Amino acid sequence: MPNSFIKNVLSSKGRLRAALTFFLVIIFFLIFNQFSFFKPVSLGLRQTIFRTGDIFENITNRLFTSSDSLTKRTEDAEAFARTQSLDISRISQLEKDVAELESLLSYSKTQTIQTYPASILARSITKEHSLIIDKGSDDGLRKGLAVVVEDGHLIGVLSNVNRYTSEVTLVSNTSSKIPVSVLNDNKTEGLVEGRGGFLLEMGFIPKDVLISAQDLVVTSGLSGAIPPGLIIGVVSEVIRVDTDLFVQAFVRPLIDVSDYSRVLILDPLANTQYDS
Amino acid sequence: MIRDILIGILFILSVLLQVSFVQTLGYPLELFPLHFVLGILVLHRANVELGILWFVFSAFALSLTGFNTHVWWAYILIAPIGGFFALKLFVSRSVYALEGFGLLMFTIFTFLHIVPMKILNASFHTTFIISTTPFKDYLLSSIFLVIGLYIAFIFAKFLERLVHEIFLVKRIS
């Protein structure tokens, strides 16, 4: 380093004064920064600057992220969401299937009569309140057999049997007529008909018979192919008209058929028919 | 006197901005050498002695207020080197001289930081870690330095004109 340079630097009073002023300003800041009354100002200023930098960093990240990267991240997130939705849906369906099968299996074990498990293939559009199942005459089904779900809840009767599939007329179908009995003290018997809606109608109840809401309605077994004791529903309302000879009752099913995808067909005459 | 105080305040503010603002930004914006740019400007255009002191104090001020990205001896050594260049090599006050001066200083400064660290195997100062891409970081920082010096030059010219007009008018009036 040339000596003239150093001499130039150190010789001038003005330069020394400038350097000293600069030095004092910095020392002043560093010293007073240690005192409590100045620190809040200093720290507050630095915090503000830091937060501003943070905001800028977020903005620049958003602005300068490549569109390809963003597109890929979006696609990955969407694919993951779809996978998750599918998995959730699949698991939910599996759980439902397992519950259904367990229910049918446990009910089947309690029965001494022949049972045929079947899956619902379709809900008929042309005819109201009908189902198509995947079992037919080749599987041993016949017309008029009872179709149940869960713990013996009757949902309908086989109305049309093909070789590999069959049609089930639900109890809510207007053409459905099921002989039933009410589980009350009188063991009232009647006929439950479908009305095309959710509620079923039980008519021809003698006027002097005591029947009340929440009474359980089950199949009476008077129809040869439908075993007795299959649950139809509960009495929801009783309509008495003084001028009528009979009392009318509405029966509310305890299950919703649309919740099920598997059914059980009961054949009480199977052993009789095929064993003999 | 006022100018010296203002440069002192500028030093403090640039230190705070460097450690709290610039270093908060993500890569590669965090490589912007704001404090170094202002130091170059002071050294080249304002006052050589203050510029030397700027870099000497930077060695400690940046560490005291935040995280210093370079070792202290790089600052101490670059100070007189920069002073010499400002007085003998880059005496022109044009923007080209400023850019050349800044680039040369920054290159030497980076060299002074990396080479001893490599030789010492970074064992002397454990707080400093040599970047895995030092050359890339140096290139990016140099680009930011050039852009920063150009913007600072324009701003400094504006300020000089403004101050000159204010004080010259004041003196005349």
Side-chain angles (χ1 to χ4, degrees), chain A residues 1-67 69-70 73, chain B residues 1-30 32 34 39 42-43 46-67 77 79-89 91:
Chain A
M1 195 76 65
N3 287 336
S4 60
F5 170 71
I6 298 169
K7 282 180 186 172
N8 281 338
V9 169
L10 297 178
S11 63
S12 169
K13 280 186 183 176
R15 288 189 177 120
L16 274 174
R17 191 172 63 230
L20 195 64
T21 307
F22 180 78
F23 176 76
L24 286 173
V25 168
I26 294 168
I27 294 299
F28 175 83
F29 171 79
L30 291 174
I31 290 172
F32 274 86
N33 209 25
Q34 302 305 313
F35 288 97
S36 58
F37 66 85
F38 192 70
K39 255 193 168 177
V41 175
S42 168
L43 287 177
L45 179 65
R46 289 174 63 183
Q47 280 169 9
T48 306
I49 294 170
F50 181 82
R51 281 195 204 113
T52 309
D54 211 21
I55 292 167
F56 267 95
E57 198 237 341
N58 290 334
I59 293 169
T60 50
N61 275 343
R62 286 203 192 107
L63 283 174
F64 294 106
T65 305
S66 68
S67 62
S69 169
L70 277 174
R73 280 163 64 183
Chain B
M1 180 92 167
I2 295 171
R3 185 197 64 175
D4 304 331
I5 293 170
L6 288 174
I7 290 174
I9 294 170
L10 181 66
F11 176 86
I12 294 164
L13 284 175
S14 69
V15 162
L16 294 180
L17 282 171
Q18 179 70 45
V19 298
S20 296
F21 181 79
V22 174
Q23 289 178 9
T24 312
L25 302 174
Y27 187 88
L29 294 174
E30 63 187 2
F32 184 80
L34 174 68
V42 168
L43 187 60
N47 188 303
V48 174
E49 291 78 21
L50 291 184
I52 293 170
L53 284 174
W54 181 290
F55 285 100
V56 168
F57 282 118
S58 295
F60 312 103
L62 289 167
S63 297
L64 285 170
T65 53
F67 297 97
L77 291 174
I81 295 172
F84 175 77
F85 287 152
L87 286 173
K88 300 295 178 186
L89 286 178
V91 292

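Owing to the predicted nature of the structure, the values given are computational and were not obtained by experimental measurement. By convention in this document, chain letters (A, B, ...) are assigned in the order of the sequence lines, proteins followed by strands, and residues within each chain are numbered from 1. The figures here come from the full heavy-atom set of this structure, side chains too, leaving out hydrogens, waters and symmetry mates.
The minimum heavy-atom distance between T21(A) and I5(B), with the atom names listed, is CG2-CG1, 3.7 Å.
Note: F11(B) and F22(A) have perpendicular aromatic rings, judged against thresholds of 30 and 60 degrees for the angle between ring planes.
Separation of atoms CZ (F57(B)) and CD1 (I27(A)) is listed at 5.5 Å; rounding is to 0.5 Å.
For I12(B), the part lying near chain A is the side chain, with the backbone staying farther off; criterion is any non-hydrogen pair under 4.5 Å.
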